[in-house]
Amino acid sequence: MAQKRAPETDPQTTLHAGLPDRCLTPDDLKQMFGLPSVETVSAWRKTGAGPPAIRIGKYLRYDPGAVRTWVESNTEAAA
């Protein structure tokens, strides 16, 4: 059973609320954007199509502000 996160740390609310006090994981992006797997996030990073990642040791993290900027710059205007 999937564990429910508290609303203030729920990655699905990150873009609609204040910035969280932590960097986002690839799994957070998967959940936030409803992606099929974290491999999609990995492919975005490898092709330069996704938000910029930060490497901390062996881990990849994403700055919430950079993710928000990436979303805003890739949002199409309503017709």
Side-chain angles (χ1 to χ4, degrees):
M1 178 178 276
Q3 182 178 5
K4 183 72 174 159
R5 293 183 187 214
E8 63 273 3
T9 61
D10 184 357
Q12 294 177 347
T13 62
T14 300
L15 297 177
H16 302 291
L19 295 175
D21 60 355
R22 64 175 180 82
C23 289
L24 302 170
T25 66
D27 191 57
D28 290 335
L29 267 60
K30 174 189 162 283
Q31 292 176 13
M32 185 183 307
F33 297 114
L35 301 172
S37 68
V38 293
E39 284 77 21
T40 302
V41 178
S42 178
W44 284 355
R45 186 179 58 78
K46 290 175 183 174
T47 62
I54 304 165
R55 182 165 295 282
I56 302 173
K58 66 179 185 177
Y59 302 101
L60 287 173
R61 296 294 181 258
Y62 295 86
D63 173 48
V67 173
R68 181 180 295 192
T69 299
W70 175 78
V71 167
E72 290 170 354
S73 68
N74 286 287
T75 301
E76 295 183 11

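All figures in this text were calculated on a predicted structure; none of them were measured in a lab.
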ask   = Considering all heavy atoms of both residues, which atom of P52 and which atom of A66 are nearest to each other, and what is their separation?
value = CG-CB, 4.0 Å
key: Inter- and intrachain pairs under ring pair (Phe, Tyr, Trp, His ring centres under 6.0 Å), touching residues 38-73, at least two apart   = F33-W70, W44-W70
ask   = Any side-chain heavy atom of P51 sitting closer than 4.5 Å to one from L29?
value = yes
message = What's the separation between atom NZ in K30 and atom CG in L24, rounded to the nearest 0.5 Å?
response = 14.5 Å
task = Mind checking the OG1-CZ spacing from T40 to R45? Nearest 0.5 Å is all I need.
result = 13.0 Å
inquiry  = As an exercise, state the distance from CG of L60 to NZ of K58, rounded to the nearest 0.5 Å.
reply    = 12.0 Å
query = Can you list the residues that meet the side chain to side chain donor-acceptor pair (under 3.5 Å) rule with T69, with sequence neighbours excluded?
reply = none
Cluster companions of I54 among Ile, Leu, Val, Met, Phe, Trp, Tyr (side-chain spacing under 4.5 Å) = I56
request  = Output all residues satisfying side-chain contact (heavy atoms from CB on, under 4.5 Å) with A43, sequence neighbours left out; order by chain, then residue number.
outcome  = none
query = Any link between V38 and V67 through a network of hydrophobic side chains (Ile, Leu, Val, Met, Phe, Trp, Tyr) touching at under 4.5 Å?
reply = no
ask   = About how many Å separate CG of D28 and CZ of R61, when rounded to the nearest 0.5 Å?
value = 8.0 Å
